[in-house]
Amino acid sequence: MWLINSSVGRKVVMSLTGLFLVLFVTFHALMNAVALFSLEAYEAVCEFLGANWYALVGTAVIAGGAVLHIVYAFWLTLQNKKARGGDAYEVTSRPKNVEWASQNMLVLGIIVVCFMVLHLVQFWAKMQLPEVMGEMPFSGEEALEAGFGQLWVLPVYLVGFAALWFHLTHGFWSAFQSLGTTNEKWIARFKCISNVWATIVMGLFAIEACYFTWFFGC
């Protein structure tokens, strides 16, 4: 199959799943922002996204997209290393016009995955998963208090947000490049958009984490 056997096809899968996850991250930041203004409204959102069939289908789709993105990321990295052969060990400095994030996407991705696992353990495993198993789940406020009531969580989350910022600023525009939708003029525009978008979304996440730590941990 072209999407599996072709290098271009694998890049297309990486790009499409990456852009899909971009939409989810944006939605997640906006959903969390509701709690900054009203915990009651946040509870209503959490109840809507509980163990309903549409929420479970959405969760499965998001999980599938994330798994595909991670698997193809490792696949393409191994493919690139194999193509470079011994040259991969001769690089001692970053080539001109190559971004730091581009050179370290795999490392950044691993940090993001570790951060994602922590986040799932702190929230999804306490909210949606227990409901699926017929147990009493945490409410949205209880999950926020259990997570951000521990002061060590904030610096760990900020590191995760920083890694995600670097990962997204490169990944967003390079996805459009891999899909063949850019030219010299538009690649600069997509880079600008990716920097602005990632800064706004990660900034919002950081504000939320700081606020929840202050509200529940202090």
Side-chain angles (χ1 to χ4, degrees), residues 11 14-38 41-42 45 49 62 65-66 69-70 72-73 76-77 94-120 122-124 140 144 147-148 151-217:
K11 288 181 180 179
M14 270 285 293
S15 300
L16 292 177
T17 54
L19 292 175
F20 169 71
L21 294 173
V22 161
L23 293 176
F24 168 70
V25 168
T26 303
F27 166 77
H28 195 31
L30 295 175
M31 184 192 81
N32 290 350
V34 174
L36 299 176
F37 303 97
S38 170
Y42 180 70
V45 173
L49 298 175
I62 293 167
H69 192 74
I70 293 168
Y72 273 72
L76 284 169
T77 299
R94 179 166 59 92
K96 284 186 176 181
N97 301 323
V98 176
E99 299 174 347
W100 179 87
S102 176
Q103 294 290 100
N104 296 277
M105 283 296 279
L106 183 62
V107 174
L108 290 169
I110 291 173
I111 295 174
V112 170
V113 169
C114 292
F115 170 60
M116 181 179 69
V117 170
L118 171 64
H119 187 64
L120 288 173
Q122 288 187 310
F123 290 91
W124 179 78
L144 288 174
F148 291 99
L151 296 181
W152 64 267
V153 170
L154 179 60
V156 172
Y157 267 57
L158 293 179
V159 170
F161 295 149
L164 190 53
W165 183 89
F166 280 109
H167 195 76
L168 293 175
T169 51
H170 174 77
F172 183 82
W173 68 260
S174 65
F176 287 100
Q177 184 181 52
S178 296
L179 292 172
T181 59
T182 59
N183 52 36
E184 290 185 5
K185 180 184 295 184
W186 272 99
I187 195 65
R189 294 173 180 174
F190 275 120
K191 285 183 178 181
C192 180
I193 292 171
S194 67
N195 286 334
V196 171
W197 171 84
T199 300
I200 291 174
V201 174
M202 292 304 108
L204 181 56
F205 271 131
I207 291 171
E208 292 162 356
C210 290
Y211 175 80
F212 297 147
T213 300
W214 170 79
F215 189 86
F216 295 107

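Partners of Glu208 according to the side chain to side chain donor-acceptor pair (under 3.5 Å) rule, which considers only residues two or more places apart in sequence or in another chain, do not exist here. In this view, Ile200 and Val196 satisfy the side chain to side chain contact (heavy atoms under 4.5 Å, CB included) rule, not counting sequence neighbours. Among residues two or more places apart in sequence or in another chain, the ring pair (Phe, Tyr, Trp, His ring centres under 6.0 Å) test is passed with Trp214 by Tyr211. Remark: Val159 pairs with no residue by the side chain to side chain contact (heavy atoms under 4.5 Å, CB included) rule, at least two apart or across chains. Applying the side chain to side chain contact (heavy atoms under 4.5 Å, CB included) rule to Ile111 yields the partners Val107, Ala163; only residues at least two apart in sequence or on another chain are considered.
Ring geometry for Phe161 versus Tyr157: interplanar angle over 60°, hence perpendicular rather than tilted (30 to 60°).
Between the NE2 atom of His170 and the CG atom of Asn195 there is a distance of 12.0 Å, given to the nearest 0.5 Å. The CE atom of Met202 sits 5.5 Å away from the CG atom of Leu168 when rounded to the nearest 0.5 Å.
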Going by atom type alone, with no hydrogens or angles, which donor-acceptor pairs under 3.5 Å involve a side-chain atom of residues 16-38 and a protein atom two or more places apart or on another chain?
from: Thr17; atom 1: OG1; to: Val13; atom 2: O; distance (Å): 2.7
from: Thr17; atom 1: OG1; to: Met14; atom 2: O; distance (Å): 3.1
from: Thr17; atom 1: OG1; to: His69; atom 2: ND1; distance (Å): 3.0
from: Thr26; atom 1: OG1; to: Val22; atom 2: O; distance (Å): 2.9
from: Thr26; atom 1: OG1; to: Trp197; atom 2: NE1; distance (Å): 3.0
from: His28; atom 1: NE2; to: His119; atom 2: NE2; distance (Å): 3.2
from: Ser38; atom 1: OG; to: Glu40; atom 2: N; distance (Å): 3.4
from: Ser38; atom 1: OG; to: Glu40; atom 2: OE1; distance (Å): 3.4
from: Ser38; atom 1: OG; to: Ala41; atom 2: N; distance (Å): 3.1

From CA spacing to verdict: side-chain contact (heavy atoms from CB on, under 4.5 Å), Leu154, Cys210: CA-CA 7 Å; Leu154 179 60; Cys210 290; 4.1 Å; yes
Check the pair Ile70 / Val113 against side-chain contact (heavy atoms from CB on, under 4.5 Å), numbers first and verdict last. CA-CA 8 Å; Ile70 293 168; Val113 169; 3.7 Å; yes
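Not less than 6.0 angstrom separates the ring centroid of Phe216 from the ring centroid of Phe148.
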